[in-house]
Amino acid sequence: MDPVLKVTNLTKVFNGLRAVDGISFEVARGEIVGVLGPNGAGKTTTIAMILGLLTPTAGTIQVLGMSMPQERQRILARVNFSSPYVAMPYNLTVLENLLVFAHLYGVQAPGKKIRELLEIFGLSTHSHQLTGRLSSGEATRLGLVKALLNDPEILFLDEPTASLDPDAAEHVRQTLLRIQQERGMTLVYTSHNMQEVERLSHRIIFLHRGRIIAEGSPAEVLRRFQQESLEQLFLEVARKQ
Ligand SMILES: Nc1ncnc2c1ncn2[C@@H]1O[C@H](COP(=O)(O)OP(=O)(O)OP(=O)(O)O)[C@@H](O)[C@H]1O
Ligand SMILES: [Mg+2]
């Protein structure tokens, strides 16, 4: 495997709480990896450390062969992310915000790129709207547009479909799959929608209390735990421990 991401013994302790507790995993180029687990399992914290937004208590992170946080700037030029917890300036318009990010990323022909992505995510008519006035589903889709501006080699998405209606969620899944296939992009994402995770992921990483309790293709994991669906497995794990 050609790992584009390699995490070793990654740990984050917040005031004595081991939010991420010594996890190790690799992700291959072109893989779709679903990170799942109960609220507070450590998913967002893990992604935040990989992106250099949080400093690990221990462990190492290699992204595209470079070390985080030592080579943070070079890494961030080639990856991207979206998260419902990272808001854009609300008093700028959608277009203004995207132009700022496109400039930061050094996007060639930013106007064209922005128009294409706004169209794909159904936001063309909102380009002159103030970002703070978007509905939550629109803001989520704007986050995806921003995340795709620099044609990232690895895209990290924290709950990309959480605020979307079923039709918009399906559209986002299809779009991400298409882009993933066209460009061989690697996708690492979190979701509480077990059907979605089962359908989309080549591999899942199941976190519980900061540790990886299961890893493999959805089918492998279900076989090992003798479960019919990820939803059942999830309920079993979350209720037992
Ligand atoms: N900055 C922080 N300071 C203190 N504790 C934190 C901080 N960030 C996260 N935590 C705690 O670390 C644990 C893991 O949080 P994290 O956000 O990674 O969970 P998660 O798996 O993303 O959960 P969810 O499904 O609810 O999004 C939680 O118990 C959370 O309260
Ligand atoms: Mg989270």
Side-chain angles (χ1 to χ4, degrees), residues 5-27 32-61 63 68-69 72 79-88 136-137 139-144 146-147 152 154-164 169 172-173 176 186-201 203-216 218 221 225 227 229-241:
L5 174 64
K6 187 168 161 49
V7 165
T8 310
N9 192 31
L10 189 63
T11 302
K12 183 70 187 182
V13 181
F14 292 115
N15 314 314
L17 170 81
R18 302 184 76 80
V20 176
D21 195 2
I23 63 171
S24 300
F25 63 90
E26 293 185 4
V27 175
I32 301 181
V33 174
V35 181
L36 59 118
N39 291 140
K43 304 178 296 294
T44 297
T45 305
T46 299
I47 290 181
M49 288 191 283
I50 293 170
L51 292 164
L53 302 170
L54 271 179
T55 309
T57 307
T60 59
I61 300 165
V63 188
M68 184 61 96
R72 184 166 189 268
V79 309
N80 211 324
F81 73 102
S82 85
S83 161
Y85 312 108
V86 182
M88 292 181 198
S136 64
T140 299
R141 284 181 279 139
L142 174 59
L144 291 166
K146 170 251 156 200
I154 314 176
L155 181 58
F156 296 91
L157 301 177
D158 201 357
E159 302 188 34
T161 55
S163 61
L164 300 180
V172 162
R173 284 190 286 271
L176 290 172
T186 307
L187 179 60
V188 178
Y189 76 106
T190 73
S191 176
H192 287 299
N193 180 336
M194 292 302 113
Q195 280 178 354
E196 169 181 296
V197 172
E198 208 166 319
R199 229 183 77 203
L200 221 59
S201 313
R203 196 151 58 86
I204 60 169
I205 293 175
F206 197 144
L207 280 182
H208 187 52
R209 297 193 178 148
R211 296 182 179 215
I212 296 175
I213 58 156
E215 192 182 350
V221 170
F225 285 81
Q227 295 286 343
S229 68
L230 280 184
E231 181 107 19
Q232 277 176 15
L233 171 61
F234 191 101
L235 294 175
E236 184 93 352
V237 167
R239 285 180 183 162
K240 213 190 268 173
Q241 307 188 30

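We count ligands from 1, going down the list as the structure has it; atoms in each ligand are counted the same way. Since the model is a prediction, treat every value here as computed from it, not as a measurement.
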Checklist entry - What is the nearest protein non-hydrogen atom to atom 31 (O) of ligand 1, stated with its residue, atom name and distance? => result L17 CD2, 4.8 Å

Checklist entry - Are there more than 12 heavy atoms of other residues, nucleotides or ligands under 6.0 Å from atom CD of Q195? => result no

Checklist outcome for this item: Nearest non-hydrogen protein atom to atom 3 (N) of ligand 1, with distance, is F14 CD2, 3.5 Å

Checklist entry - Within the distance-only criterion (no hydrogens, no angle test), does the side chain of S229 pair as donor or acceptor with the backbone N or O of Q232 below 3.5 angstrom? => result yes

Next on the checklist: Please check whether G37 reaches ligand 1 - meaning an N/O of the residue sits under 3.5 Å from an N/O of the ligand, judged on distance alone.
Outcome noted: no

Item to check | atom 26 (O) of ligand 1: nearest protein contact (heavy atom, Å) | outcome: N39 ND2, 2.9 Å

Checklist entry - Does S83 reach the side chain of F156, with side-chain heavy atoms less than 4.5 Å apart? => result no

Item to check | Polar contact flag for T44 and ligand 1 (N/O pairs, less than 3.5 Å) | outcome: yes

Checklist entry - Considering only heavy atoms of G42, which atoms of ligand 1 have at least one such atom less than 4.0 Å away? => result 14 (C), 18 (O), 19 (O), 20 (P), 21 (O)

Checklist entry - Can you tell me which residue and heavy atom of the protein come closest to atom 23 (O) of ligand 1, and the distance to 0.1 Å? => result G40 N, 2.7 Å

Checklist entry - Are the side chain of K146 and the backbone N or O of F81 linked by a donor-acceptor pair below 3.5 Å? => result yes

Checklist entry - Considering only protein heavy atoms, which is closest to atom 18 (O) of ligand 1, and at what distance to one decimal place? => result T45 OG1, 2.5 Å

Checklist entry - Hey, what's the ring geometry for F206 with F234, parallel, tilted or perpendicular (30° and 60° as the breaks)? => result parallel

Next on the checklist: Tell me the contacting part of L207 for ligand 1: side chain, backbone, both, or neither, using a 4.0 Å heavy-atom threshold, strictly below.
Outcome noted: neither

Checklist entry - Which option, H208, E159, R18, owns the non-hydrogen atom nearest atom 27 (O) of ligand 1? => result E159

Next on the checklist: If the cut-off is 2.8 Å, does any N/O/S atom of T190 fall short of it from the Mg ion (ligand 2)?
Outcome noted: no

Checklist entry - S24 and N9: side-chain donor and acceptor closer than 3.5 Å? => result no

Checklist entry - Are I205 and V188 side-chain neighbours, meaning at least one heavy-atom pair lies under 4.5 Å? => result no

Checklist entry - Just distances here: any N/O of H192 and N/O of ligand 1 closer than 3.5 Å? => result yes

Item to check | Flag side-chain contact, heavy atom, 4.5 Å: E198 against N193 | outcome: no

Checklist entry - Is the closest N or O pair between A41 and ligand 1 shorter than 3.5 Å? => result yes

Item to check | Atom CZ of R173: over 12 foreign heavy atoms under 6.0 Å | outcome: yes

Checklist entry - What residue and atom, counting heavy atoms only, is the protein's closest point to atom 12 (O) of ligand 1, and at what distance? => result A19 CB, 3.3 Å

